[in-house]
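Take a look at the following structure, please.
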Amino acid sequence: MSIAEETIQLSSRDKEREEVIEIFGAREHNLKDVNLTLPRNKLIVITGISGSGKSSLAFDTIYAEGQRRYMESFSAYARSFIGNMERPDVDKINGLSPVISIEQKTTSRNPRSTVGTVTEVYDFLRLLFARAGEAYSYLTGKKMVKQTEEQIETFIFDEFDSQKLTILAPVVKGRKGHYRELFVQVRKLGFAKVRVNGEITDLIPKMQLDRYKTHDIEIVIDRVIVNKKDRNRISQSVKTALKHGEGIMMAMNEAGKVFNFSKNLMDPESGLAYDDPAPNTFSFNSPYGACPSCNGLGVIEEISKESVIPDPSLSISRGGIAPLGEYRDIWIFKKIEAILKRHNLNLTTPIEQIPEDSLNILLYGDSIPVAVSSVKYPGTDWHTKFEGIISFLEKQKDTGSEKIRKWVEEFTDIRKCPECEGYRLKKESLHYKIDDRHIGQLAEMDIDHLSHWFHNIEERLSERQNIIAQEILKEIRKRIGFLTDVGLNYLSLNRPLRTLSGGEAQRIRLATQIGTQLVNVLYILDEPSIGLHMRDNDKLIHALRDLRDLGNTVIVVEHDKEMMLASDFIVDIGPGAGIHGGHIVAAEKPEEFIRNKSVTADYLNGLRNIEPPKKRRKGNGSELILKGATGHNLKDVDMTIPLGNMICIAGVSGSGKSSLIHETLYPVLRTHFYKSRNEPLPYRSIEGLDHIDKVIEVDQSPIGRTPRSNPATYTGVFTDIRLLFSELPESKIRGYKPGRFSFNVKGGRCETCQGGGMRVIEMDFLPDVHVHCETCKGKRYNRETLEVRFKGKSISDILDMTVEQAVEFFENQPKILRKIETLNEVGLGYISLGQHATTLSGGEAQRVKLATELSKRDTGKTFYILDEPTTGLHFQDIQHLLEVLQKLVSKGNTVLIIEHNMDVIKVADHIIELGPDAGEKGGDIIATGTPEDIIRNKKGYTWKYLKDELENTPLM
């Protein structure tokens, strides 16, 4: 073979290799020596039963290796600060591009992060308003003007021709002080007169003002009759006045009327001046733009009279002042008694009968000392000042311990900032307008409305504004388009990131990535379809294809049927979860994949189905009726919930489901049953509360913010396990109590990592990296504690067990078994008992909470609220979850589920659909009844997909 032929053969082999990603010997977590070849520049779906190893392959192997290689490219000096990243357990990966991971778990908890700041739309809006906005006075509403020296001179000659004019330079405006030094300085500059508080006076030696009064001071620069021959003199006086007035000057005519001029933006009527705008003038994260009252948060926390005295009909001795509780023989009650005695009142007087001034002393304090009789020295009085209940709580909120601050939070109300009205910006920033809108109003609009406002905005702008705004508008429209493409057109720019679901936050980052227009990148996404209605799913698939068509490889860990069928390549990992998974069941194109005999393929091709019940429940005859809900986009909604059923709340994303359930119904129920102070959105009335006796909400918020939280501690089973270990003979000999087996207190834990098992390496430019503690090697405990064993296993070994293994291990410990079994029932058999809370997805965290609630005794009158419990679940796991929920309903409980998944909607006894669309076009209940009723109704979007689903599913 010639050298030329060999070279051609080698280059064709290289080309083939370039077109694939090859993974050899992946053994991370439960992966069983996996070898896999993936096509490049394709949309690839990795699927399989929950816990089968999908995330281990996508994130812990491919992404971790990509991140490690990126770190390796740093200099040795930079790496010395980071430490070495552990190499994933894989032999080799070929053809790996730079990797970007878009996960659900990294949602910011910072209240300052909003949809606008993350997507950069708000940054471009700030630039637009700084360069093309028109300023208006917040005093008179008049448009602000900016004048040059020539314009000021021209105005003077036009308006004051042949009139006597006094030219003034303002140096002090509305400030207190004696200003002795200022007058000395002005005299040294050669000026003879000043105008103080509207009166012109001569400058005299040792001149000073009342230091406690507010003053306005102007230097008299010149007094002149305006005519053409004095043009030079007037021009020079204007220059001098603008110099000493720092760009501002005043002119006073014979009648004493003052005219204001400024080289900066100024209101000619009131003399109010603004600094020249910059982008940070419109930033609520900058001191130059943030509202001084709420520091740019849009809300303020305050301890109100109502929160401290919830029931004024009670007396103080019967607990009328909530933070104090009922009367006890303690110092503060003696002080209050002494104050009341002074006003001819006592502790048994109902609070509503205490005069306002006396009550204000109790709440806000008084400077007059209070005489309290001494117990230790009879006949002696202690004279002390009383700082007031609310004043004391305010002080503790700032200086108290974590526990005290949490207690004070119970009496704290969060309300819209009265100064900025929730817009987060100072008043100057809110008076720059484009087409009669300020930036705060634009940030409040949902993406749909914002897109409509920007449509043909050029026609409503001046020629100068159009020239400036041309490029900025292009960038804004592009980013708004990306948000619409991923189905987030119902969100507003000022929506805090922490209030978004995992799926929404992930799709926002996806929209941002599409906006960067990067090529030859490997994107890995974790269930981006979470929280999306079937109607919006098509948009998401289209967005992912766009990302692929730019020349990128897109790997999606997903369970969604439509996403799988729309992909270029499917990888199915299984066949089971945990130790039963970790194998590649199939890796091929969708059309070949559905001909397989795997569990996933069976659900895709219709051989297996989640079947609806033959007969739907009618409920127990009782109803919960919520009337007149008007929060957010809800339009005076009346909702009737038939109790004793499985109820599904459906509707497109943004139609008002969360507003109705999480922000109206749940807070109302919580306030009724648990005296919660969580304020619901506005509603008129609620009926039928006597038919239920408790409410439990199971949402997707993390079960903990640190690696110390885990399923074992959250469910409470770890307390029972520690108790079991402390009862062992070895523990009794050594004197170990249950606390010895806690990794949160000193004694039994490893002190290097303080029981965390991991050390956090903080990185400014990348997510924090967790590495195993070098002392305990991730076991959390010291050597002595690990020597105590139950059935050959140490406490650390127990935490490393999967739920499935623990069910077998604790089969003879009924108290422990009950809690672990419920974790297994909700499809979490594959997670370990000690798995760090930070590594659990939103869906897994929700199922841990659900298992915790299920392990408690139910009353048969419990009202459960679940938010998308199918998140992260394979078809098979959804089947298991529904069986658990059906058991709950069969006992007489009510289960209300907010869900988009058709497998759940079709098995519900009763559906309430909101819509018809998102945002302002939603907020109405458009259909209620059984799934069959919804199909007959033909309103909204859900019925079409529900019809297809039921037609393809045989009845049980």
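When reading the values below, keep in mind they use all heavy atoms of this one structure, side chains included, and skip hydrogens, waters and symmetry mates.
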Legend entry - Ring-ring centroid check His438 Tyr423, cutoff 6.0 Å: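 Yes - the distance between ring centres of His438 and Tyr423 falls below the 6.0 Å cut-off.
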Inset, instruction - Report yes or no: does Lys635 contribute a side-chain atom to a donor-acceptor pair with the main-chain N or O of Glu920 at less than 3.5 Å? - result: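 Yes; at least one donor-acceptor contact below 3.5 Å.
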Legend entry - Backbone of Ile447 reached by a side-chain donor or acceptor of Asn489 within 3.5 Å: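 No, Asn489 side chain to Ile447 backbone: no donor-acceptor pair under 3.5 Å.
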Legend entry - Distance-only side-chain donor-acceptor flag, Asn285 / Ser283, under 3.5 Å: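 Not at all, the side chains of Asn285 and Ser283 share no donor-acceptor pair under 3.5 Å.
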Inset, instruction - Give me the ring orientation class for Tyr432 and Tyr274: parallel if the planes are under 30° apart, tilted from 30 to 60°, perpendicular past 60°. - result: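 Correct class here is tilted.
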Legend entry - Polar side-chain atom of Glu475 near backbone of Ile472 as donor-acceptor pair, under 3.5 Å: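 Between the backbone of Ile472 and the side chain of Glu475 there is no qualifying donor-acceptor contact (under 3.5 Å).
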Legend entry - Check: Pro528 and Asp526 side chains under 4.5 Å, non-hydrogen atoms: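 Side chain of Asp526 against side chain of Pro528, heavy atoms only: no contact under 4.5 Å found.
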Legend entry - Exceeds 12 heavy-atom contacts within 6.0 angstrom, atom CZ of Phe454: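 More than 12 within 6.0 Å, yes.
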Legend entry - Derivation and outcome, ring-ring contact (aromatic ring centres under 6.0 Å, His included), residues Phe129 and Phe124: CA-CA 9 Å; Phe129 273 82; Phe124 282 105; over 10 Å; no
Legend entry - Salt bridge Arg507-Glu504, side-chain N to carboxylate O under 4.0 Å: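 Salt bridge absent between Arg507 and Glu504.
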Legend entry - Check: Phe392 ring centre within less than 6.0 Å of Tyr364 ring centre: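 So the answer is no for these two rings.
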Legend entry - Ionic contact status for Glu419 with Lys426, cut-off 4.0 Å: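 Salt bridge flag = no for Glu419 with Lys426.
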Legend entry - Expected output: side-chain Ser307 to main-chain Phe411 donor-acceptor under 3.5 Å: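 Yes; judged by distance alone, with no hydrogens or angles, the pair exists.
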Inset, instruction - Please check if atom CD in Gln470 has more than 12 non-hydrogen atoms from other residues, nucleotides or ligands closer than 6.0 Å. - result: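 12 or below, so no.
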Inset, instruction - Spell out, as yes or no, whether a donor-acceptor pair under 3.5 Å connects the side chain of Arg126 to the backbone of Pro279. - result: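 Here the side-chain-to-backbone pair exists.
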Inset, instruction - Using a strict cut-off of less than 4.0 Å between a Lys/Arg side-chain nitrogen and an Asp/Glu carboxylate oxygen, indicate whether Lys142 and Glu269 qualify as a salt bridge. - result: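 Salt bridge between Lys142 and Glu269, a charged N being under 4.0 Å from a carboxylate O: yes.
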Legend entry - Verdict with reasoning, Asp276 to Lys146, per salt bridge (Lys or Arg N to Asp or Glu O under 4.0 Å): CA-CA 10 Å; Asp276 282 345; Lys146 191 190 265 194; 3.1 Å; yes
Legend entry - Glu302, CD atom: more than 12 neighbouring heavy atoms under 6.0 Å: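 Count over threshold, so yes.
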Inset, instruction - Decide whether His662 and Asp867 meet the rule of one side-chain donor and one side-chain acceptor closer than 3.5 Å. - result: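 Note: His662 and Asp867 side chains meet the donor-acceptor criterion.
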Inset, instruction - Before accepting this row, confirm whether a basic side-chain N of the pair Asp435/Arg460 lies closer than 4.0 Å to the acidic partner's carboxylate O. - result: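 Salt bridge present between Asp435 and Arg460.
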Inset, instruction - Step by step, work out the side-chain hydrogen bond (donor to acceptor under 3.5 Å, both in side chains) result for Thr140 and Asp267. - result: CA-CA 8 Å; Thr140 64; Asp267 175 9; 2.8 Å; yes
Inset, instruction - Give a yes or no on whether the backbone of Phe282 and the side-chain of Ser286 come within a donor-acceptor separation of less than 3.5 Å. - result: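 No; judged by distance alone, with no hydrogens or angles, the pair does not exist.
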Inset, instruction - Taking only Lys NZ, Arg NE, NH1 and NH2, and the carboxylate oxygens of Asp or Glu, determine whether Asp436 and Lys433 approach each other closer than 4.0 Å. - result: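 So Asp436 does not pair with Lys433 through a salt bridge.
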Legend entry - Glu458 backbone acceptor or donor facing Asn466 side chain under 3.5 Å: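 Looks like yes, one N/O pair under 3.5 Å.
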Inset, instruction - Inspect the surroundings of NZ in Lys478 and state if more than 12 heavy atoms from other residues, nucleotides or ligands are less than 6.0 Å away. - result: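 Correct, the count exceeds 12.
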Legend entry - Any donor-acceptor N/O pair, Ser429 side chain to Leu425 backbone, under 3.5 Å: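 Not at all, since once roles are kept as given, no pair shorter than 3.5 Å links the two residues.
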Legend entry - Pair Asp413-Ser304, side-chain donor/acceptor within less than 3.5 Å: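 Judged by distance alone, the side chains do pair up.
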Inset, instruction - Check whether more than 12 heavy atoms from other residues, nucleotides or ligands sit under 6.0 Å from atom NZ of Lys397, and answer yes or no. - result: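 Count over threshold, so yes.
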Inset, instruction - Describe, in one word, how the ring planes of Phe155 and Phe261 are oriented to each other, choosing from parallel (under 30°), tilted (30 to 60°) and perpendicular (over 60°). - result: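 Plane angle over 60°, so perpendicular.
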Legend entry - Side-chain touch Pro496/Ser113, heavy atoms, less than 4.5 angstrom: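 Counting from C-beta outward, Pro496 and Ser113 never come under 4.5 Å.
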Inset, instruction - Take Glu356 and Lys305 through the salt bridge (Lys or Arg N to Asp or Glu O under 4.0 Å) test and state the conclusion after the steps. - result: CA-CA 12 Å; Glu356 193 71 24; Lys305 187 172 163 182; 2.8 Å; yes
Legend entry - Distance-minimising heavy-atom pair for Ala169 and Gly245: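 Between these two residues, the closest heavy atoms are CB-N, 4.0 Å.
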Legend entry - Lys/Arg-Asp/Glu bridge criterion (N-O < 4.0 Å) met for Glu409, Arg405: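 Arg405 and Glu409: not salt-bridged.
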Inset, instruction - Look at Glu421 together with Arg415 and state whether they make a salt bridge at an N to O cut-off of under 4.0 Å. - result: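 Salt bridge flag = no for Arg415 with Glu421.
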Legend entry - Expected output: side-chain Glu663 to main-chain Leu681 donor-acceptor under 3.5 Å: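 Between the backbone of Leu681 and the side chain of Glu663 there is no qualifying donor-acceptor contact (under 3.5 Å).
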